[in-house]
Structure formats: C-alpha cells, structure tokens
Amino acid sequence: MRGHLHEGWEKAGRVLALPWTDAERNARIAGLEAAAGIAYWQADMAEARRLYVEALDLAREADDPAAIANAIYDLSFVFVMTRTDLEKGRALLREAQELYAGLGDAAGVARARFGESTILSQLGDLAGSGAAAREALVEFRRMGDPFLIGWALSVAGLAAVGQGDFPAARDALGESLRRRVATRDLSGIALELYDLAVLAKAEGRRERALRLAGAAAALGLESGTAIMQLLFVPIDMSLVLERPADPRDAAAWDEGAGMPLDEAMAYGLEP
C-alpha cells in the first residue's frame, strides 16, 4: 500500500531464506503469502504461483482448514490473472468458499465471491461480474476493509464501463480512488488512475485518458506496481497501454506522467 514493493520483495526474500522448523510452519506460511502477494502486485505470476503453491502444501500438511482455504483463495488469482486456466481458478475458489462456509467465515465467503467476479470479467460476463462484485462489496463494507472495498469497486466499475453505464462506472471508480487516497494506498492509486483512464477512453475523452494513463504508469514504475498490465479491460486499450508514438498523444501522456502525486490524484477525482 505504501508503494515500496521493490524493498518489500528484498525483505521477503531475506525472511524466506531463514532456517525454520515444523514448529514455525505457520510463520513460514505467512512469509510465503507475503512474498507471493508482492510478486503478484509486481505482475510476476510465475513467482507468485511458486510461492503460493508452497504455502498451500504446508497448510495441507498442517491439516489447517483456515490456512488451506486462505492459500487456495490466494492461488486461484494466479490462474485468473494469467488466463491460463480459468476453470482451474474457478474450481479453487469454489473449494475455498466451501471451506470458508464450513468454518462460518462470512468474510472468507465474500472474498471467494469477489474472486468469482474477477473470473466472470475475464470470461466477458460483465453483468455477472458486476453483480458478484457488488454482492461481495456488501460484506466488505460491513467489515470496513478499505483494501477489499476498493478492489470490489474497481471490478464493479470496469464491468459498468463495458456495459456502457458510465455514470455507475464513475461512481464506483471515483469512490474507489477516494478511499485509496484516504489510506494513501499508492499501489491502489496507480490501479485506480488506470481504471479511470479506461473509463475516459470509453467516454471518448482521449486527452484525459492519456493523462491518467501516463500518471498511472509513472506511479506504477515508482512503486513497483504492475498488476494493471494483467487486468481484464472491457474495451480496446491499445491507446493507453504504453506511451504512444504520436507526438500529440505522447505530450498528453507525458503531462500525466509528470504530475506530482497530489495533482494526479486530484485530476483523477475531477467530475
């Protein structure tokens, strides 16, 4: 959240290099989850998968249903984001949801439902994706978890973009950015600036889309956040995925990339 993914990755590697015993299995699982999460946000899905698989193996060895459910939930997103095996990702999420339900873990069930929303978006079922994200959002709001609220709003907002419901998209993505700004979640801010670039592109607001994309790319580079490169986007985003060659478009991109953080956040929140 603080935009120190490069440093976090280095520290996580030092933790995982430490010797450990069976008595420290839970600490090892926690370290693996932390390292895998950093790799995930850096879009290094091969490394994230390796670490999440080891965490799941250790959780199964410990026969700990809560740890198993959490590790399965984490691992599912590797298959979702890489689009290598969406059915495998869906099966893992269903297994996690059953375990969470058996444990009486309402928050876990909601997280699994959110995971389902990401799979549905990848499959192009935008109505189903938006509905699942909004369903999970109800529980996330009850929990008061700003990170999960932001993610659910992001998925719901992008689904609304794809369905042409721009007012709903503006509401969802605007709230997500406001929440991430309030918690100073730099990785999340980079993600939301990109989401808002998607919305602006869909609305035909070319220069705004380019400025927002430039700002998102600059903040992503600074923080190490690259996950937006793997997001399913319901429209053609070739214009803003990377710095354009056209001089006029490049000038708008560079203007966004050169914005100080506070200015970029304010620009993203403009009506």
Side-chain angles (χ1 to χ4, degrees), residues 1-85 88-89 92-93 95-96 99 107-108 111-112 114-115 118 145-148 150-151 154 180 183-194 216-232 241-242 257 261:
M1 291 179 69
R2 294 293 171 259
H4 302 301
L5 289 169
H6 299 304
E7 180 183 357
W9 176 249
E10 186 271 334
K11 289 183 182 297
R14 285 161 54 194
V15 169
L16 293 180
L18 295 171
W20 60 283
T21 67
D22 284 347
E24 297 159 325
R25 187 189 307 271
N26 288 340
R28 175 74 179 180
I29 293 171
L32 289 164
E33 181 182 16
I38 294 169
Y40 176 88
W41 274 87
Q42 292 178 314
D44 186 350
M45 291 299 156
E47 191 65 12
R49 179 175 179 170
R50 182 184 71 81
L51 294 164
Y52 279 143
V53 165
E54 184 180 343
L56 177 57
D57 288 345
L58 290 177
R60 291 196 190 280
E61 287 177 14
D63 196 25
D64 182 338
I68 292 169
N70 190 60
I72 290 172
Y73 168 81
D74 286 338
L75 179 60
S76 71
F77 283 89
V78 172
F79 294 97
V80 175
M81 296 302 287
T82 57
R83 305 179 186 90
T84 52
D85 192 341
K88 173 69 172 178
L92 287 169
L93 280 167
E95 183 180 356
L99 286 169
R111 289 165 64 211
F114 164 72
T118 66
D145 188 317
F147 181 82
L148 290 172
W151 259 113
S154 175
R180 296 182 192 273
T183 56
R184 206 69 174 182
D185 177 358
L186 297 187
S187 296
I189 291 167
L191 174 70
E192 271 338 301
L193 290 175
Y194 180 72
L219 183 54
L221 185 63
E222 179 184 346
S223 65
T225 306
I227 192 66
M228 50 271 206
Q229 299 171 5
L230 300 179
L231 291 175
F232 170 79
L241 277 174
E242 56 186 23
L261 177 60

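What you see below is based on every heavy atom in this structure, not just the backbone, and it leaves out hydrogens, waters and symmetry mates. Numbers here are sequence positions counted from 1.
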Hey, are the side chains of Met81 and Ile227 touching, using non-hydrogen atoms and a 4.5 Å cut-off?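 Met81 vs Ile227: side chains touch.
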Ignoring hydrogens, what is the shortest heavy-atom contact between [X] and [Y]? Give both atom names and the distance.
{"X": "Met228", "Y": "Gly220", "value": "CE-CA, 4.0 Å"}
{"X": "Leu93", "Y": "Gly115", "value": "CD1-C, 3.4 Å"}
{"X": "Glu24", "Y": "Pro19", "value": "OE1-O, 4.2 Å"}
{"X": "Ser76", "Y": "Gly89", "value": "CB-O, 3.6 Å"}
{"X": "Leu186", "Y": "Arg2", "value": "CD1-O, 3.3 Å"}
{"X": "Leu193", "Y": "Ala216", "value": "CB-CB, 3.8 Å"}

Does Arg180 use its side chain to pair, donor to acceptor, with the backbone of Glu192 at less than 3.5 Å?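 No, because the side chain of Arg180 does not come within donor-acceptor range (under 3.5 Å) of the backbone of Glu192.
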Measuring from atom [atom1] of [X] to atom [atom2] of [Y], what distance do you get when rounded to the nearest 0.5 angstrom?
{"X": "Phe77", "Y": "Leu230", "atom1": "CZ", "atom2": "CG", "value": "13.5 Å"}
{"X": "Glu7", "Y": "Ile38", "atom1": "CD", "atom2": "CD1", "value": "10.0 Å"}
{"X": "Asp44", "Y": "Leu5", "atom1": "CG", "atom2": "CG", "value": "12.0 Å"}
{"X": "Leu219", "Y": "Leu261", "atom1": "CG", "atom2": "CG", "value": "6.0 Å"}
{"X": "Thr183", "Y": "Phe147", "atom1": "OG1", "atom2": "CZ", "value": "10.0 Å"}
{"X": "Leu58", "Y": "Asn26", "atom1": "CG", "atom2": "CG", "value": "9.5 Å"}

In terms of side-chain geometry, is the basic nitrogen of Glu61 or Arg28 positioned less than 4.0 Å from the acidic oxygen of its partner?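 Salt bridge absent between Glu61 and Arg28.
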If the threshold is 4.0 Å, N to carboxylate O, is there a salt bridge linking Asp22 and Arg25?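 Arg25 and Asp22: salt-bridged.
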Start with the C-alpha distance between Leu51 and Leu16, add both sets of side-chain angles, then the distance that settles side chain to side chain contact (heavy atoms under 4.5 Å, CB included), and finish with yes or no. CA-CA 10 Å; Leu51 294 164; Leu16 293 180; 3.9 Å; yes
Mind jotting down which residue pairs meet the side chain to side chain donor-acceptor pair (under 3.5 Å) criterion with at least one end in residues 219-228? Sequence neighbours excluded, please.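 As it turns out, the side chain to side chain donor-acceptor pair (under 3.5 Å) pairs with a partner in residues 219-228, which skip direct neighbours, are Ser187-Thr225, Ser223-Thr225.
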Trace of the side chain to side chain contact (heavy atoms under 4.5 Å, CB included) decision for Leu18 with Arg14: CA-CA 7 Å; Leu18 295 171; Arg14 285 161 54 194; over 6 Å; no
Under the criterion side chain to side chain contact (heavy atoms under 4.5 Å, CB included), I'd like the reasoning laid out for Leu191 against Trp151: C-alpha separation, chi angles, the key distance, then a yes or no. CA-CA 9 Å; Leu191 174 70; Trp151 259 113; 3.8 Å; yes
